[in-house]
Amino acid sequence: MMIRIGTGYDVHRLTENRALILGGVNIPFEKGLLGHSDADVLLHAICDAMLGACAMGDIGKHFPDNSDAYKNISSILLLKKVAEIIKPYSVLNIDATIVAQAPKLANYIDEMRKNIASALDTELSAISVKATTTEKLGFCGRGEGIEAQAVCLLTKLEEI
């Protein structure tokens, strides 16, 4: 069995007149994330971790932000596409952290985990999502943006 590890990071600015989508969940908030797609920083970080584990570049390489094909696309769809791109590897586990001063995200984490597990056709127990603040420090602490970090472990079953 071959095992690969990858890390991912993403950040988007908070802005007016956009939905806040994290982990495929529409979270009630007065601002949303600015981006070409739905700007789901959590899923973008996970996509980058998966692609990085396979040395296949990053999300921008596969889904360029100057392509109309990806304008306002759901990042759940991008995550599913990444799962296809990295085959024959599959997810052993993902551990991700969202960094946001507001809104509070605890009530949405279970739904995020379910969305991610479903998109990747893996067990819920393989997906960990956490949220933290920066104690009002930096751009996240000032409410200017939200960031996410992810690490994933992939496996590829070898032919014997």
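Predicted model, so just to flag it, every value in this text is computed and none were measured. Residue numbers run from 1 in the order of the sequence given. Below, each value reflects all heavy atoms present in this structure, side chains not excepted, and no hydrogens, waters or symmetry copies.
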Legend entry - side chain to side chain donor-acceptor pair (under 3.5 Å) pairs, two or more places apart, involving residues 107-128: D95-S128
Legend entry - side-chain contact (heavy atoms from CB on, under 4.5 Å) between L14 and L33, worked out: CA-CA 5 Å; L14 282 163; L33 294 170; 3.7 Å; yes
Legend entry - pair L154-C54: side-chain heavy atoms closer than 4.5 Å: yes
Inset, instruction - Would you tell me whether H44 and S37 have side-chain atoms, one donor and one acceptor, within less than 3.5 Å of each other? - result: yes
Inset, instruction - Could you tell me whether N72 atom CG has more than 12 heavy atoms of other residues or ligands within 6.0 Å of it? - result: yes
Legend entry - I98 reachable from I109 in the ILVMFWY side-chain graph, under 4.5 Å edges: yes
Inset, instruction - May I ask you to check whether over 12 heavy atoms, not counting those of K71, lie within 6.0 Å of atom NZ? - result: yes
Legend entry - Audit row: Q101, C140, side-chain contact (heavy atoms from CB on, under 4.5 Å) steps and yes/no: CA-CA 6 Å; Q101 195 63 42; C140 287; 5.7 Å; no
Legend entry - K81 bridged to E84 by N-O distance under 4.0 Å: no
Inset, instruction - Measure the CD-NE2 distance between E147 and H12 for me, rounded to the nearest 0.5 Å. - result: 12.0 Å
Inset, instruction - Please test Y70 against L78 for side-chain contact (heavy atoms from CB on, under 4.5 Å), starting from the C-alpha separation and ending with a verdict. - result: CA-CA 9 Å; Y70 306 112; L78 297 181; 4.1 Å; yes
Legend entry - Whether over 12 other heavy atoms sit under 6.0 Å from K104 NZ: no
